[in-house]
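Worksheet: the structure to be examined is printed underneath.
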2 protein chains.
Amino acid sequence: MSIQNGLSRRERQILDILFKRGRATAAEVHADLPDRPSNSAVRAHLRTLEEKGHVKHEAEDLRYVYSPAVQPAKARKSALRHVVETFFEGSPANAAAALLDSSAASLTGDDLDRLSALIDKARREGR
Amino acid sequence: MSIQNGLSRRERQILDILFKRGRATAAEVHADLPDRPSNSAVRAHLRTLEEKGHVKHEAEDLRYVYSPAVQPAKARKSALRHVVETFFEGSPANAAAALLDSSAASLTGDDLDRLSALIDKARREGR
DNA sequence: GAGGATCTGTTAGTTTTCTAGCAGGCTGGC
DNA sequence: GCCAGCCTGCTAGAAAACTAACAGATCCTC
């Protein structure tokens with residue numbers, strides 16, 4: 001189950017923006033939201049998200065800067081697991097293949113080397 | 001932007017189940033939902049999703065069998081793109097690496113061969 | 001030190017989501 | 001026929017999400 005599963009539509013959008021940017025003020029989040037709600041509404045949501053423990057803030061010269069409360073690594077893993085579960089029958093290999101297949105053109109030589117290395121590593125460990 | 005972004009919490013949960021199972025009756029969707037709403041509520045949501053065009057149904061001896069209205073391939077791509085965007089700075093390679101890294105143990109030899117082949121292919125085309 | 005700009009918190013109201021319950025149709029067994 | 005079981009559609013009310021507007025605080029400029 002995804003980490004974002006108990007959240008409302010708006011809360012999820014806001015949390016996504018925070019994951020994407022790492023950290024952001026209420027105004028920045030507001031600017032990134034698709035259908036331009038009121039700034040006040042965004043702030044209210046940020047406070048709610050903080051209450052629920054999904055977000056934290058620190059004061060930075062007079063304004064609040066928000067960031068996700070979970071470690072990025074954990075969030076990434078959770079997001080991937082959810083996609084693999086619901087769209088790839090639980091097979092990470094299928095997901096990885098789809099990823100490679102649809103982005104083949106944009107991968108650099110370094111990317112490919114890195115992925116090859118990971119595969120070799122898995123091969124050695126799996127033996 | 002994810003295909004599921006305009007949906008409410010429940011609708012998203014329901015749609016996820018349909019993607020996971022491919023097709024399902026209202027009762028099956030109901031059984032898979034985490035916090036057990038009423039069967040009637042689930043049916044209402046399915047009808048709403050159908051109105052919005054996210055889901056379609058066909059009658060199968062007296063009951064409705066629902067399935068996602070978009071092709072699975074498109075849904076998969078969209079889901080991956082969204083995760084890559086919001087959690088991996090838009091880099092499919094990073095996402096693929098995370099996938100390989102965290103699932104290395106469960107990958108079979110065949111999986112690894114297939115992925116190697118994809119990487120080789122990308123290498124040839126990218127040259 | 002008054003006015004403006006920018007931020008937060010709170011309040012109260014609207015809108016949407018979410019839900020249970022009931023009515024009606026079809027099927028199969030008694 | 002008639003009852004039980006399962007399904008759909010509908011309706012109305014509760015709950016939650018969402019929002020605008022206002023009030024207070026701080027900083028900067030004139």
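Quick note on labels: first sequence line is chain A, next is B, and so on, each numbered from 1.
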Query raised in the report: Would B:L100 and B:L115 count as a side-chain contact (heavy atoms from CB on, under 4.5 Å) if you check the C-alpha gap in whole Å, the side-chain angles of each, and the deciding distance to 0.1 Å?
Result: CA-CA 10 Å; B:L100 290 178; B:L115 293 171; 3.6 Å; yes
Report task. Verify side-chain contact (heavy atoms from CB on, under 4.5 Å) between A:K121 and B:D101, making sure each step is shown before the conclusion. Result -> CA-CA 9 Å; A:K121 180 157 160 275; B:D101 197 50; 4.0 Å; yes
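Checking A:D35 against B:A26, the closest nucleotide of DNA chain D that is more toward the 5' end is the one next to B:A26. When the nearest nucleotides of DNA chain C are assigned to B:K52 and B:S38 by heavy-atom distance, the more 5′-ward of the two goes with B:K52.
For the pair A:R9 CZ and D:dT19 C1', the computed distance is 13 Å after rounding to whole Å. Note: CG (A:N39) to C1' (C:dC7) measures 9 Å, nearest angstrom. Counting to the nearest Å, the C1' atom of D:dC7 and the CD atom of B:E60 are 14 Å from each other. Atom P of nucleotide C:dC7 and atom NE2 of A:H30 are separated by 12 Å, given to the nearest angstrom. Spacing between atom CZ of B:R10 and atom P of D:dA14 amounts to 19 Å, rounded to whole angstrom units. Atom OH in A:Y64 sits roughly 12 Å away from atom C1' in D:dT26 (whole-Å rounding). One can place NE2 of B:H45 at 16 Å from P of D:dC10, the figure rounded to the nearest angstrom. Rounded to whole angstrom, the span from the CD atom of B:E11 across to the P atom of D:dA17 amounts to 14 Å.
B:R43 comes within 4.0 angstrom of a base, heavy atoms only.
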Write down the protein N/O and nucleotide N/O pairs, taken from nucleotides 1-6 of chain D, whose separation is under 3.5 Å; answer none if there are no such pairs.
none

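OP1 and OP2 of C:dT17 both lie 4.0 Å or more from every side-chain N or O belonging to A:S8. At the phosphate of D:dC10, neither OP1 nor OP2 sits under 4.0 Å from any side-chain N or O atom of B:R47.
A donor-acceptor distance shorter than 3.5 angstrom exists from the side chain of A:S116 to the backbone of A:L112, with no hydrogens or angles considered.
For residues 103-112 of chain B, the pairs satisfying side chain to side chain donor-acceptor pair (under 3.5 Å) are B:T108-B:D111, with sequence neighbours left out.
Both tests pass for A:R76 against the ring of B:F88: distance under 6.0 Å to the centre and angle within 45° of the axis.
Considering NE2 of B:H30 and NE2 of B:H45, their distance stands at 11.0 Å, rounded to 0.5 Å.
With respect to the salt-bridge test (charged N to carboxylate O, under 4.0 angstrom), the residues B:E28 and B:R63 do not qualify.
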